[in-house]
Amino acid sequence: MASTTEPHTDLTSSQAQDRPVPQASTRFLVARAKYLLPMSDFHGVETRIEDGYVLSEGQKILEAGAWSDEIGARITSTCGHSLTIVGATEGSTQVPCLNAVLLPGFVKAHGHDHESPIIGIAKGVPLVEWLDRAVNLFTGFMNEKREELVTKFGKSPNLVTYLKARVDDLHYGITTSMVHHCNHNKYRVAELREANRAAGTKMIIACGSQDRNYDARILDTPPTVATARLDDYVTRFGGPSGHEARPGVPLGANTWLVPGPDQFFSNGPELLQELKRWSREHRTLIHIHSSEEPNTTKWFTEKYGMTPVQYAQSIGFLDENSILAHQVNNTEQDLEILKSTGARIVHNPLANTILGSGMPDIIKMRHMGIPVACSTDGSGSADNQNIIGAAKCAVQYQLARHADPRLLPEIDLLAMITRIPASMLQLQCGQLAPGFDADMCLVDLERPNMIPTSVQNVVENLIWAADGSEVRWVVANGVLVKDNYRITSLDINEILTEVAELQRMYLAYAAKAQEIQGTGARQANL
């Protein structure tokens with residue numbers, strides 16, 4: 001059984017109350033910009049609209065298209081004082097054409113919200129050593145020193161990290177995410193849910209599991225321990241999501257729960273089959289890391305006589321609801337299995353390059369018909385949540401690898417961080433069209449690096465000229481949560497102060513802590 005020193009309930013849950021979900025101050029919201037990139041089937045994915053707008057009511061988009069004086073008069077007349085105008089001067093009823101690009105809020109299909117305090121920590125080592133020296137040491141510190149940290153911050157220390165992750169996402173225009181929480185964080189769904197509610201974003205929580213080749217303190221044995229944890233979260237937090245989409249079990253406003261086993265190397269067949277049973281019974285997605293690092297993939301293949309993908313196929317794990325993060329190291333048979341089962345891949349180029357894990361041939365995957373989205377991974381391995389930077393990293397590597405600049409058009413890259421991951425996550429976002437969720441961001445064109453931008457090069461400039469920090473306004477679920485670079489849904493000064501102090505305390509702890517050495521291929525060294 002998992003160690004009794006690891007709490008299976010949230011110690012501060014009796015003290016914590018649900019933070020209010022950010023609410024729109026008006027019934028309607030309109031955003032108008034120099035360029036509109038709807039990324040939609042309704043308009044055509046490649047459509048570029050000069051002087052475009054989006055009108056929403058509540059959480060849904062009513063209209064999106066080219067602006068005209070007639071449309072403006074109709075909107076202001078119909079909506080009256082129940083209209084929020086993005087970028088308007090105070091008291092004005094005029095809808096300004098902002099010098100910006102209006103496009104869907106970015107969709108992050110794989111990340112970890114606990115890692116912001118460990119940016120820049122344990123660099124220059126491969127994945128499994130980094131997990132032991134950074135992630136497992138840090139999350140263990142959060143558990144071991146929990147009482148002291150709760151007293152220090154007046155809240156769960158996990159909530160401190162999760163709120164910082166919400167700041168990071170909104171900073172870069174990410175309005176939807178699937179967060180993968182394994183190790184000690186699988187016990188902290190309450191705080192994840194609370195952080196998401198406070199930020200006003202959408203979140204799928206992939207709740208993790210391990211029962212082998214991992215830190216012994218958190219192993220889930222027997223397999224029903226992991227599914228009982230999921231059932232407990234459903235009992236405690238289950239409730240309407242506010243959306244008709246159902247990628248997982250709803251945990252209240254804009255939050256869903258799915259199984260998220262950590263890695264194929266850390267989850268035995270009985271545990272994975274139990275989690276897949278739960279996923280099918282509850283009609284949810286299931287999310288896992290796969291074939292991320294070459295040495296561990298080689299070790300796994302030698303130890304178990306098959307690749308991670310072959311292993312997953314042998315136990316009936318793979319189908320169109322299986323989302324695999326990374327999938328860097330592949331055989332030809334692996335790719336054929338992925339194609340035939342309909343499994344989805346989330347590519348994380350920042351983490352893969354920084355950790356020296358390699359890069360998958362996503363050009364080949366796409367040509368084979370394997371769905372591929374692009375994401376950031378956690379801030380600990382990627383060091384930021386710059387999703388535009390992730391897309392740029394992905395394309396630079398692939399074009400150089402194949403020596404062909406025509407293989408991955410810029411519009412396809414934008415799709416890989418908007419509409420494609422939204423489709424994978426079975427959510428009604430990632431497109432600006434009637435009936436879709438009112439999630440959008442506006443990228444500032446007044447920054448020097450974005451000048452000159454025209455309708456001819458606006459898509460190209462988002463990939464090649466932007467540095468990711470130009471996101472000036474963000475609307476999530478119909479609410480303006482970032483206004484003229486200022487995040488309005490969170491107390492950013494408090495969050496940044498607390499996360500800096502948390503890192504200071506962790507570094508003092510880490511300097512004296514005993515080394516952890518038990519993840520993946522490092523088992524062989526024990």
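Everything quoted here is computed from the prediction, not taken from an experiment.
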Taking only Lys NZ, Arg NE, NH1 and NH2, and the carboxylate oxygens of Asp or Glu, determine whether [X] and [Y] approach each other closer than 4.0 Å.
| X | Y | result |
| --- | --- | --- |
| K276 | D319 | yes |
| R166 | D169 | yes |
| R212 | E270 | no |
| E148 | K152 | no |
| E194 | R197 | no |

Close side-chain approach of [X] to [Y], heavy-atom, < 4.5 Å:
| X | Y | result |
| --- | --- | --- |
| I288 | F317 | yes |
| M416 | I362 | yes |
| Q333 | I337 | yes |
| I218 | N143 | no |
| K186 | Q210 | yes |
| V135 | I118 | yes |
| E281 | R277 | yes |
| P157 | V150 | yes |

Where [X] and [Y] come nearest, the two heavy atoms and their spacing:
| X | Y | result |
| --- | --- | --- |
| A312 | L318 | CB-CG, 3.7 Å |
| G173 | V474 | CA-CG2, 4.0 Å |
| S375 | V346 | CB-CG1, 3.5 Å |
| D383 | I354 | OD2-CD1, 3.7 Å |
| Q263 | S290 | OE1-N, 4.3 Å |
| P259 | A206 | O-CB, 4.3 Å |

[X]/[Y] aromatic ring centres below 6.0 Å:
| X | Y | answer |
| --- | --- | --- |
| F138 | Y506 | yes |
| F300 | Y311 | yes |
| Y162 | H181 | yes |

Member of T175, D437, N254 meeting the side chain to side chain donor-acceptor pair (under 3.5 Å) criterion with K202: D437
Worked check of side chain to side chain donor-acceptor pair (under 3.5 Å) between N267 and S209: CA-CA 7 Å; N267 283 258; S209 63; 2.6 Å; yes
Indicate yes or no for a side-chain donor-acceptor contact from [X] to the backbone of [Y] under 3.5 Å, with no hydrogens or angles considered.
| X | Y | result |
| --- | --- | --- |
| T255 | G252 | no |
| D211 | P223 | no |
| D262 | G208 | no |
| S291 | Q327 | no |
| E274 | T224 | no |
| T301 | T297 | yes |
| K392 | G468 | no |
| S423 | I420 | no |

Under 3.5 Å side-chain donor-acceptor pair for T331 and D334: yes
Modelled atom types, side-chain donor and acceptor of T376 and Q385, under 3.5 Å: yes
[X] [atom1] to [Y] [atom2] distance, which is reported to the nearest 0.5 Å:
| X | Y | atom1 | atom2 | answer |
| --- | --- | --- | --- | --- |
| Q428 | D439 | CD | CG | 11.0 Å |
| E292 | N348 | CD | CG | 7.5 Å |
| M178 | I323 | CE | CD1 | 4.0 Å |
| T488 | L170 | OG1 | CG | 8.5 Å |
| I487 | H171 | CD1 | NE2 | 8.0 Å |
| N352 | Y397 | CG | OH | 10.0 Å |

Above 12 or not: heavy atoms from other molecules or residues under 6.0 Å from [atom1] of [X]?
| X | atom1 | result |
| --- | --- | --- |
| Q514 | CD | no |
| K123 | NZ | yes |
| R283 | CZ | no |

CA sep, side-chain torsions, deciding dist, call: D231, H282, side-chain contact (heavy atoms from CB on, under 4.5 Å): CA-CA 10 Å; D231 289 334; H282 291 81; 4.2 Å; yes
Trace of the side-chain contact (heavy atoms from CB on, under 4.5 Å) decision for R366 with L408: CA-CA 10 Å; R366 283 164 51 87; L408 200 51; 3.5 Å; yes
Summary of salt bridge (Lys or Arg N to Asp or Glu O under 4.0 Å) pairs that have at least one residue in residues 335-349, sequence neighbours excluded: none
Chi angles and distances behind the side chain to side chain donor-acceptor pair (under 3.5 Å) call for T201, N196: CA-CA 6 Å; T201 46; N196 185 56; 2.6 Å; yes
Worked check of side chain to side chain donor-acceptor pair (under 3.5 Å) between R146 and N158: CA-CA 9 Å; R146 185 169 187 80; N158 299 83; 2.6 Å; yes
Trace of the side-chain contact (heavy atoms from CB on, under 4.5 Å) decision for M142 with T161: CA-CA 10 Å; M142 297 272 277; T161 70; 3.7 Å; yes
Test side chain to side chain donor-acceptor pair (under 3.5 Å) applied to T284 and R246, step by step: CA-CA 8 Å; T284 75; R246 197 183 186 283; over 6 Å; no
Whether H110 and H180 hold their rings parallel, tilted or perpendicular, with breakpoints at 30° and 60°: perpendicular
Verdict with reasoning, L427 to I204, per side-chain contact (heavy atoms from CB on, under 4.5 Å): CA-CA 10 Å; L427 292 170; I204 299 172; 4.2 Å; yes
